[in-house]
Each structure stands twice: as structure tokens, then as C-alpha cells.
2 protein chains.
Amino acid sequence: MADKILIIDDEEMTVHLLTLLLEKRSFEVIKAFSAEEGLRKAYRHQPDLVLLDIMMPDMDGWDVCKRLREMSDMPIIFITAKDDTKDVVRGLEMGADDYIVKPYDNDELIARVRAHLRRAPKPNMSEEMVFNGGEFRINFMNREVRVRNELKHLTPKEFNLLAVLVRNAGRVVPRTELVTEAWGEEYADAIDSLKLYIHYLRQKVELDAEHPDYILTSRGVGYRFANR
Amino acid sequence: MADKILIIDDEEMTVHLLTLLLEKRSFEVIKAFSAEEGLRKAYRHQPDLVLLDIMMPDMDGWDVCKRLREMSDMPIIFITAKDDTKDVVRGLEMGADDYIVKPYDNDELIARVRAHLRRAPKPNMSEEMVFNGGEFRINFMNREVRVRNELKHLTPKEFNLLAVLVRNAGRVVPRTELVTEAWGEEYADAIDSLKLYIHYLRQKVELDAEHPDYILTSRGVGYRFANR
DNA sequence: CAAACACTGTTTGAATTGCGTAACAAATGG
DNA sequence: CCATTTGTTACGCAATTCAAACAGTGTTTG
């Protein structure tokens with residue numbers, strides 16, 4: 001999934017250029033044209049990284065940085081025309097991760113963004129790499145599935161399908177979404193295959209495949225993984 | 001306890017100035033005046049962060065960076081006179097965390113060092129990385145692998161491949177990621193070679209190559225080094 | 001209520017893919 | 001020049017995927 005990057009800057013041109021640059025590398029960009037809007041969108045969208053200007057009319061970047069740090073640990077990169085070393089130091093000591101001075105080089109900016117994303121704690125690491133629903137455990141990291149402590153061997157397509165169901169546990173996932181998420185866009189109309197793979201999964205995972213406990217049907221819509 | 005910083009640079013003056021600067025802020029400094037010495041001391045002292053020059057007589061900084069990354073996740077900061085953007089990008093994409101161009105500002109350098117230390121996980125590289133209850137030992141410094149106390153000789157490509165697997169122990173590493181990480185971007189579609197080298201590794205490392213204990217296949221996805 | 005219909009589940013067997021291995025050729029390096 | 005390392009191709013075998021037909025079961029409709 002594409003990383004979400006929030007840009008906070010009151011200069012429309014800067015935001016525009018950054019957006020083009022980032023979207024070309026298939027990042028997902030969220031734009032904010034004031035400090036206040038930036039904080040609101042940071043809260044709402046939970047970006048993976050923030051690019052932050054310092055001089056803005058309503059509130060300065062320092063305060064935004066402080067407020068962002070209060071809510072999350074995401075990487076923050078100042079990107080500004082203020083090239084005084086004092087400011088660089090101040091930004092970094094304030095909890096920012098990097099400080100880039102305009103005019104910046106496009107490739108370098110991308111490389112720095114990537115470097116910080118690489119380091120950042122990925123939410124789907126460790127904890128969320130494992131789903132632990134009582135007698136049903138799935139480890140996304142090593143692609144192992146255990147039911148009632150028994151290791152079940154799944155094929156790649158079986159695992160991917162189950163993974164999507166489990167990630168959306170409790171919610172009915174529409175058939176089309178299910179197959180495209182699990183196997184790719186080109187499977188958008190493979191609902192016949194879907195029936196088959198649901199069948200395979202139930203055989204391997206359910207105690208009684210005819211009365212499934214986990215993989216439930218939502219007639220006319222899709223399937224749902226029971227939560228607890 | 002004070003953070004340990006390893007400086008690798010063949011110019012004595014640079015090392016000296018950096019040492020003064022860092023020790024004044026009560027960091028613990030380890031000095032290395034060549035690439036080889038740097039690797040050895042990185043291995044021995046397990047620094048919390050590395051400051052690395054690029055141009056050195058015995059081995060260039062890129063290779064040092066690669067070798068350091070094989071053994072640990074510690075932050076690496078290039079600090080060099082090469083100010084070409086191409087080099088900055090190359091350094092960052094290679095796994096370094098920052099790239100500082102000489103002449104640098106003292107306060108900014110300190111601020112950047114602190115910023116990276118703040119983010120980085122404490123190194124847990126042990127004298128010898130040990131897996132599987134001591135049956136499997138891999139020494140990144142002298143690139144030795146021992147299985148059941150037997151020394152196994154691996155070729156460079158074999159070792160690099162194994163290193164990537166071991167550093168991701170427990171996680172299925174997709175085939176493409178495996179080859180690019182181990183051998184470089186240009187191997188992105190060398191999945192045929194991958195099969196071959198997996199074969200070689202298993203011949204050398206596994207008790208029974210047909211029923212591997214360590215190097216496990218995840219059909220259709222990649223390979224995984226067993227943990228525990 | 002019963003017949004037609006729509007949707008989901010199941011079976012089967014065949015086609016395809018992927019992995020491991022072998023054999024061998026080429027390149028590398030002391 | 002020889003030994004080691006790396007790279008290419010091919011093939012058997014098994015796992016996986018796929019297509020198609022069929023069998024249930026619930027739903028709509030006259």
C-alpha cells in the first residue's frame with residue numbers, strides 16, 4: 001500500500017510541486033494549506049510522514065511540529081527557505097527527523113523521504129503482523145495459519161484471500177473488493193474462482209465446512225470473517 | 001550510558017575534530033582510520049551510530065555501508081566532501097540514514113546525530129548472531145558460518161543471500177527483494193539464479209537438504225529463514 | 001403453493017505453474 | 001593453468017490453479 005504523505009504549507013505553488021513530485025513516485029498525498037488544516041488532517045488521515053513548512057500565517061511550524069509529536073511518532077521533515085543553522089538545530093531538537101532547505105533537489109528529497117519511511121515504525125509490523133482470535137491465529141510475517149494449534153498449509157492464493165478477510169474481520173467484504181485486494185485488479189470478475197477458493201479455505205480451516213464458524217457468507221454481497 | 005559513536009575516516013584531522021566535538025557533548029567515540037578497521041570495530045564495539053567517510057584508500061564508503069547493514073540496523077551517516085546530489089541519493093538508497101556535506105556546521109551535525117539516535121532501535125548485534133538454539137551461528141565480521149560447530153565455507157554470493165535471509169529471520173522475504181538486497185538491483189529478475197543458490201546453501205547448511213530446517217520455501221512468494 | 005429463478009456450494013479432471021535438481025558452459029582469480 | 005565461483009538451460013515432479021458442469025438451497029413470482 002502506498003505511503004501517505006501530508007504536506008503542510010501555505011504557499012500553493014510549493015504544495016503543488018511537491019504533490020506532483022510525490023504522486024509521480026506513487027505516494028499518496030494529503031494537502032493542507034494552513035497549520036490548522038494540517039493538524040486536523042494529520043489527525044484524520046494518520047499520514048506516514050509529514051512535510052512541514054515553518055512560516056505560515058496562522059501558526060508557525062515549530063508549534064505544529066510540537067503538536068504533531070504529541071499525537072504521533074510519525075517522521076516529520078521541515079522543508080523551508082530558512083537556512084540559518086540555528087533553525088536547523090532548533091527543528092531537529094524539537095523532534096523533527098530532518099530539515100531540508102529550499103531550493104531542494106527533487107531526487108534528494110525523495111531519497112530522504114524514503115530513508116525516513118524505511119526507519120519509521122510500520123504499523124503493520126510486529127503486533128499487527130499477527131491476528132490472534134482465540135483458536136484462530138494467522139501470522140502475516142511468515143504466512144502461517146494455525147487453527148486450534150494445528151498448522152494449516154495454505155496455497156498463495158488461499159492465504160492472500162484469507163488475509164484480506166482477516167484484515168477486515170467483522171465487516172462484510174464485497175466479492176469484487178475481495179478478489180482485487182487478494183489477487184490483483186485483473187481478477188475483478190473472477191467471482192467463480194472466489195466460490196472455489198472459499199470452498200478450499202473452509203475445507204482447510206473450518207471444523208465443519210458446511211456450518212462455518214469463521215468464513216461466513218453474506219448472500220448477494222460477499223463474505224465476512226467472524227470476529228471472535 | 002553514553003551513546004557510542006564510531007567514526008570511520010582516513011583523514012586524521014577530520015577524525016580528531018569530530019572526536020573533540022562529540023566528546024564535548026559526552027558521547028563515547030570510537031575511532032577508525034580505514035574501512036577495514038572500521039568494520040572490525042563496528043563488529044567489536046557495537047556502536048549506536050556510525051559516521052562514515054566515502055573516499056578511503058582501502059575500500060570505499062559504499063561498500064562499508066553495505067557491509068555494516070548486513071550486520072546491524074544502526075544509523076549510518078555519511079559525512080563527506082562529495083556534494084553531488086547523485087551521491088546523496090545513492091548513499092540514502094543504499095541504507096544510510098543521513099548524508100552530511102563538508103564543511104558541516106558543528107551544532108547541526110550534533111543535532112542530526114541526536115535525531116537519528118532518538119529514532120533508532122538500540123543495537124542488539126551480539127558477538128556472534130546465534131539462531132536455532134545455538135545450532136546455527138553466523139559471524140558477519142569475518143563472514144563465517146557455523147552449523148552444529150562445523151565451519152561451512154560459503155562463496156560471496158552464497159553468504160550475501162544467507163545474510164539477507166538471516167537478517168529477516170522469521171519473515172518470508174519475496175524473491176525479488178531477496179536478490180536485490182543480496183546482490184544488487186541488477187539482479188531483480190534473476191529468480192533462476194536464486195533457485196540455484198538456495199540449492200547451494202541448503203547443500204552446505206542443512207542436515208537433510210530435502211527437508212530443510214533453516215531455509216524454508218514459501219511457494220509462490222519467496223523464502224524464509226526459520227527462527228527458533 | 002409450486003414453478004422458475006438466482007445464488008452459493010461441490011465435484012471432477014485437466015492444464016499450468018513453480019520448485020528442486022542436474023548437467024554443463026563461462027567467467028573469475030590466484 | 002587449475003580450481004573455484006557464477007551463470008544458463010532443461011526437465012521431472014508435485015503443487016496449484018482453472019474450467020466446467022452439477023447439486024443444493026433460498027427467493028421471487030404468478
Side-chain angles (χ1 to χ4, degrees), chain A residues 143-145 151-163 165 172-176 178-180 182-184 186-226, chain B residues 143-145 151-165 172-180 182-225:
Chain A
R143 303 175 68 89
E144 278 185 358
V145 178
L151 181 63
K152 305 290 183 184
H153 174 77
L154 302 191
T155 73
K157 292 187 84 173
E158 287 166 2
F159 182 88
N160 288 346
L161 183 58
L162 182 63
L165 283 169
V172 176
V173 187
R175 279 184 294 247
T176 319
L178 207 44
V179 291
T180 54
W183 306 330
E186 66 272 28
Y187 283 85
D189 54 358
I191 42 181
D192 265 350
S193 297
L194 178 59
K195 294 194 302 187
L196 189 56
Y197 276 85
I198 291 287
H199 177 64
Y200 290 156
L201 277 180
R202 284 180 176 153
Q203 291 295 327
K204 292 188 177 180
V205 150
E206 301 281 1
L207 253 182
D208 174 6
E210 301 201 13
H211 306 97
D213 295 318
Y214 302 110
I215 301 168
L216 311 178
T217 305
S218 183
R219 205 171 216 295
V221 188
Y223 296 87
R224 162 172 78 87
F225 191 89
Chain B
R143 302 169 75 89
E144 277 183 2
V145 177
L151 180 62
K152 305 290 182 183
H153 172 75
L154 302 191
T155 72
K157 291 190 81 175
E158 286 167 3
F159 182 88
N160 288 345
L161 183 58
L162 183 62
V164 175
L165 283 169
V172 175
V173 187
R175 281 182 296 243
T176 320
E177 188 183 331
L178 207 43
V179 291
T180 54
W183 306 330
E185 295 294 333
E186 66 272 27
Y187 283 84
D189 53 358
I191 42 180
D192 267 347
S193 296
L194 177 60
K195 293 194 302 189
L196 191 58
Y197 276 85
I198 291 288
H199 180 63
Y200 292 156
L201 277 180
R202 295 217 257 233
Q203 292 295 328
K204 293 188 177 181
V205 150
E206 300 281 1
L207 252 183
D208 174 5
E210 301 200 14
H211 307 96
D213 295 318
Y214 304 111
I215 301 168
L216 309 179
T217 305
S218 184
R219 194 169 243 264
V221 187
Y223 297 86
R224 159 172 80 89
F225 192 89

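Within every chain, numbering begins at 1; the chains are lettered A, B, ... in the order of the sequence lines, protein sequences first and strands thereafter. Because the structure is a prediction, the values reported are computed rather than measured.
- In this structure, A:Lys204 places its NZ atom 15 Å from P of C:dT10, rounding to the nearest Å.
- Rounded to an integer number of Å, the gap from CH2 of B:Trp183 to C1' of D:dT5 is 12 Å.
- Distances shown here put every side-chain N or O of A:His153 at or beyond 4.0 Å from the OP1 or OP2 atom of D:dA15.
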Donor-acceptor pairs are to be reported for all side-chain atoms of residues 184-194 of chain B against protein atoms at under 3.5 Å, with residues two or more places apart or in another chain.
unit_1   : atom_1 : unit_2   : atom_2 : d
B:Tyr187 : OH     : B:Lys157 : NZ     : 3.4

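- Which of D:dT6, D:dG26, D:dC18 sits closest to the side chain of A:Arg219 comes down to D:dG26.
- Per the geometry, OH belonging to A:Tyr197 stands 19 Å off P belonging to C:dT8, to the nearest Å.
- Contacts of A:Ser193 with the nucleic acid, taken as non-hydrogen atoms under 4.0 Å apart, are absent.
- Using a 4.0 Å cut-off, some side-chain N or O of B:Arg175 falls inside it from OP1 or OP2 of C:dC19.
- Residue B:Thr155 places none of its side-chain N or O atoms closer than 4.0 Å to OP1 or OP2 of D:dT4.
- Here C:dC19 presents its P atom at 15 Å from CD1 of B:Ile215, a figure rounded to the nearest Å.
- Between D:dC18 and A:Tyr187, a contact under 4.0 Å exists linking OP1 or OP2 to a side-chain N or O.
- The CG atom of A:Leu194 sits 14 Å away from the C1' atom of D:dT17 (whole-angstrom rounding).
- Each of A:Lys204, A:His199, A:Glu206 was checked for a side chain to side chain contact (heavy atoms under 4.5 Å, CB included) with A:Arg202, and the lone residue meeting it is A:Glu206.
- A sub-4.0 Å separation between OP1 or OP2 of C:dG20 and a side-chain N or O of B:Tyr223 is present.
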Check: In the 5'-to-3' direction, what one-character label does each nucleotide of nucleotides 21-30 of chain C receive under the scheme B = base within less than 4.0 Å of a protein heavy atom, S = sugar-phosphate only, - = no such atom?
Finding: B---------

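- Distance OH/A:Tyr223 to OG1/A:Thr217: 5.0 Å, rounded to 0.5 Å.
- Taking a cutoff of 4.0 Å between a charged side-chain nitrogen and a carboxylate oxygen, B:Glu158 and B:Arg143 do not qualify as a salt bridge.
- One atom, CZ of A:Arg224, and another, P of C:dT8, lie 15 Å apart when rounded to the nearest Å.
- One atom, CD1 of A:Ile191, and another, C1' of D:dA20, lie 15 Å apart when rounded to the nearest Å.
- When rounded to the nearest whole Å, the span between CG of A:Asp189 and C1' of D:dA19 equals 14 Å.
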